[in-house]
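Here is the structure we will look at.
In what follows, chains are A, B, ... by sequence order, proteins preceding strands, each numbered from 1.
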Amino acid sequence: MPRVLCVAEKNSIAKAVAGILSGGNSSRRDSPSKYIKNYDFSFDFAFAGSSEVTMTSVAGHLTGLDLDQAHGWGKCPIPQVFDAPIVDIRTKDQEKMASNIKRESRNADFLMIWTDCDREGEYIGWEIVQTALQANGALRNNVYRATFSHLESRHILNAARNPNRLDQRAVDAVRTRMEVDLRSGVAFTRFLTELLGSKIERDLGGPKPNQQRPIISYGTCQFPTLGFVVDRFERIRKFVSEEFWYLVLTLSTGSNKTTFQWERGHLFDRLAVAVIYELCIESSRNLAKVVNLKSKPTSKYRPFPLTTVELQKNCSRYFKMSAKVSLEAAEKLYQKGYISYPRTETDNFPQAMDLRALVQQQTSDNRWGTYAGNLLNDEGPNRFQWPRSGKHDDKAHPPIHPIVSAGAGLDDENQKKVYEYVTRHFLACCSEDGKGHSTTMTLQWGPEFFNANGIVVLERNFLDVYVYMKWDSTQELPNLNVGQSVELSSYLMKDGQTSPPNQMTESELILLMDANGIGTDATIAEHIEKIQQRDYIKKKKLNKQTYLIPTTLGVSLVHGFEAIGLEDSFAKPFLRRQMEIDLKLICDGLKNRNEVVNDFITKYQDYYGLTNTRQNKLIETYTDIKSIM
DNA sequence: GCAAGGTC
């Protein structure tokens, strides 16, 4: 019988796919790596016929990239980093995974790649193929690729029966990113550390024994991340408050007081507001007229299905949990089988998924069990709804959702919170929107118009389980009809001041990084962590809220490079975005790998030359900023 | 010792 070796990106996928293809009849073997198991069973593949199958996996990348030995730290002039030979290397763990792949390849007739169907997965698939060929070159013409985006069994069987080929363009795109990130990161990190390292060390009171000299790193994601924080910091520092004036009316009926806001908002010209105010008083004194009454149904929308970025943003906002901590907790919950894979960009559920069964799982919980039960009741209000569909699909993972009820099974506080959040979010997704009624009343006073708005919440629906979101009935509007004249209880001209924005929160930073394509769902938290490690930014508590504030070093780096005047600022997201655009062009076959690598490396070489010539600007900027911060 | 990206 022919032998087919299948390899997934992680054990959880290997296990699930083996379960489906074998109909539950697979036997499990250990591998040299503790993260990886081999599953044996038989299956009828179109390309091989009835086969003996081994399904195994890697755990992420099988190889890493580095400069060759001769170009290590301090071993060569920095500019050589841009064209030094690059070698593929393996860590100890990767060596163990590779030995498993090689051993299982030796007597295989076919190799089928089951890595995630995203760009990085395509590259990992390629790494697996290279490793397998080292042990069994005869596999070369017998490599297939399964295309799948979730683990529903018909979908997986379909993927097994309709194999494709690896997409070499996607592989090339990833290799391009790796090479550019490596060369630019290593070159500028060595340069900055040599230029500023000892200076920073002295300022920190060093050098101290057993302590390394600080590393001043550059990374294609680190710098734009830092840039966002410094940008906000500068906007606040340079903020000049402006005075403004406005009119406001109040109406008292019984014990109810209603405030009416000026349709013009506020104006920055005191005299103009005073003139309008006088005009209104002269023409109408304390009398106003109801000129419009608009009433309409309104909704509070339930959330979209949960992505990693949304989870991190909300755990930061609601529980003050750092992105790194919330992702770690989610990973643990995933490993224990409580929730689905936590790194996903997808915000719509595949049609074939049995979401009602997942809701059913939650009916035993004493916090939201009753709510979940009611959702499944076809008679009551707030019945089960298919979740809203967002526009994002990473083609690899469904939105984050609970798999089984955790009940009292969790003792870690963070995991408990994250599980509760994931579950409440999921139940909210499957609920009806909040329903209410909104009324707007418009008064005319002299020639000016003023509005008051009232909302009455009629059905809370998802808000009952999604306790993090508030939606309450507001002021009740007085019972008046259009055309009616009313006596104002007050009509005032007031003044106010524009206020600066707040410092950056982690939640806002995640949003900015995501929107600008800086990092991925899996790495955004790491970049934020990294620039704290590097002492570019610090967390600071102010009025119960934690903010990210740049340090002297962080501000200096951003302004220093601005002073050097590179065409594409390192601290802006543009350069990274350009890279993403070019990677897409490689994937679409419109550019090739060498072309893009050359373009970027040439650009970085230019920038390196300029930075080197004007290195004094970096030192001067640091000295200047140190004296004012 | 340096990057960013997978995953544990």
Side-chain angles (χ1 to χ4, degrees), chain A residues 8-14 33-37 57-67 71-76 78 81-82 84 86 89-94 96-97 115-116 118-128 170-171 173-195 197 201 211-225 308 327-328 330-336 341-344 394 396-397 513 517-531 533-534 570 575-576 579-580 583 600 604:
Chain A
E9 188 165 321
K10 45 194 164 268
N11 177 56
S12 64
I13 302 273
S33 163
K34 62 183 168 181
Y35 308 118
I36 287 156
K37 306 285 177 214
S57 74
V58 289
H61 283 282
L62 251 188
T63 49
L65 232 54
D66 207 351
L67 303 177
H71 296 83
W73 188 290
K75 286 186 188 164
C76 71
I78 295 174
V81 165
F82 290 113
I86 280 178
I89 46 160
R90 294 198 217 272
T91 63
K92 283 209 174 88
D93 277 344
Q94 287 173 331
K96 285 181 190 168
M97 296 192 274
T115 50
D116 294 353
D118 50 26
R119 216 164 59 194
E120 216 69 33
E122 217 62 21
Y123 187 87
I124 294 170
W126 179 83
E127 291 176 331
I128 294 165
V171 173
V174 172
R175 185 78 184 190
T176 302
R177 178 199 50 74
M178 289 174 128
E179 188 173 336
V180 174
D181 284 347
L182 175 69
R183 293 191 194 277
S184 62
V186 168
F188 279 92
T189 300
R190 288 182 190 173
F191 174 82
L192 288 172
T193 303
E194 280 180 18
L195 183 71
E201 187 176 47
Q211 201 178 316
Q212 258 171 20
R213 193 206 255 182
I215 291 167
I216 326 283
S217 61
Y218 166 81
T220 51
C221 287
Q222 291 178 30
F223 259 54
T225 305
T308 309
L327 188 59
E328 277 168 5
E331 242 161 42
K332 284 276 169 2
L333 290 166
Y334 156 70
Q335 284 158 23
K336 293 179 187 168
Y341 190 67
R343 285 183 283 263
T344 174
D394 63 16
H397 304 283
M513 293 174 72
I518 303 303
T520 69
D521 47 16
T523 62
I524 280 177
E526 289 173 26
H527 297 310
I528 299 175
E529 196 71 16
K530 177 72 80 180
I531 62 172
Q533 253 178 47
R534 293 280 185 255
F570 276 175
L575 203 53
R576 185 78 202 178
M579 163 87 88
E580 276 304 316
L583 297 185
F600 273 93
Y604 272 108

* Would you say a side-chain N or O of A:Tyr341 is under 4.0 Å from OP1 or OP2 of B:dT7? -> yes

* Please tell me which of the listed nucleotides, B:dC2, B:dA4, B:dG6, lies nearest to the side chain of A:Ala522? => B:dG6

* To the nearest Å, give me how far apart OH (A:Tyr123) and C1' (B:dA4) are. => 12 Å

* Should the pair A:Tyr341 and A:Tyr334 be assigned to parallel (<30°), tilted (30 to 60°) or perpendicular (>60°) ring geometry? -> perpendicular

* Asked: Looking across every strand, which nucleic acid part, if any, lies under 4.0 Å from A:Ile215 by heavy atom: base, sugar-phosphate, or nothing?
  -> sugar-phosphate

* Asked: Between A:Asp66 (CG) and B:dC2 (C1'), how many Å, whole number?
  -> 9 Å

* Please report, rounded to the nearest Å, how far the P atom of B:dC8 is from the CD1 atom of A:Ile13. => 10 Å

* Asked: Would you say the side chains of A:Asp181 and A:Thr220 form a donor-acceptor pair under 3.5 Å?
  -> yes

* Structure fact -> Of the listed B:dG6, B:dC8, B:dG1, the closest approach to the A:Thr520 side chain comes from B:dG6

* Atom NE2 of A:His397 to atom C1' of B:dG6: distance rounded to whole Å? -> 10 Å

* With the side chain of A:Glu331 defined as its heavy atoms from C-beta on, choose the nearest nucleotide among B:dA3, B:dC8, B:dT7. => B:dC8

* Asked: Closer than 4.0 Å, any side-chain N/O of A:His71 to the OP1 or OP2 of B:dC2?
  -> no

* Asked: Do the two ring centres, one from A:Tyr604 and one from A:Phe82, sit under 6.0 Å apart?
  -> no

* Asked: A:Phe188 and A:Phe223: aromatic ring centres closer than 6.0 Å?
  -> no

* Asked: Considering only side-chain heavy atoms of A:Ile124, which listed nucleotide, B:dC2, B:dG6, B:dC8, is closest?
  -> B:dG6

* Asked: Phosphate oxygens OP1/OP2 of B:dG5: is one of them under 4.0 Å from a side-chain N or O of A:Arg576?
  -> yes

* Asked: Is there a side-chain polar atom (N or O) of A:Arg534 under 4.0 Å from OP1 or OP2 of B:dG1?
  -> no

* Asked: A:Gln533 has an atom CD; how far is it from atom C1' of B:dA3, in whole Å?
  -> 13 Å

* Asked: To the side chain of A:Met97, which of B:dG5, B:dC8, B:dA3 is closest?
  -> B:dC8

* Asked: What is the distance, rounded to the nearest whole Å, between atom CD of A:Glu127 and atom P of B:dG5?
  -> 15 Å

* What's the closest nucleotide to the A:Cys221 side chain, out of B:dG6, B:dA3, B:dG5? -> B:dG5

* When the nearest nucleotide of DNA chain B is assigned to A:Glu526 and to A:Arg213 on a heavy-atom basis, which residue is associated with the more 5' position? -> A:Arg213

* Tell me yes or no: between the side chains of A:Ser217 and A:Gln222, is some donor less than 3.5 Å from an acceptor? => yes

* **Phosphate OP1/OP2 of B:dG5: any A:Thr523 side-chain N/O under 4.0 Å** => yes

* Interatomic distance, A:Asp116 CG vs B:dG5 P [rounded to whole Å] -> 16 Å

* Return no unless some side-chain N or O of A:Thr115 is found under 4.0 Å from OP1 or OP2 of B:dG6. => no

* Under 4.0 Å: is that the gap between some side-chain N or O of A:Arg177 and OP1 or OP2 of B:dG5? -> no

* Identify, between A:His527 and A:Asn11, the residue whose nearest nucleotide on DNA chain B lies closer to the 5' end. => A:His527

* Structure fact -> Note: A:Ser57 and A:Glu9 closest approach over all heavy atoms is CB-C, 4.4 Å

* Asked: In whole Å, what is the span from the CH2 atom of A:Trp73 to the C1' atom of B:dC2?
  -> 5 Å

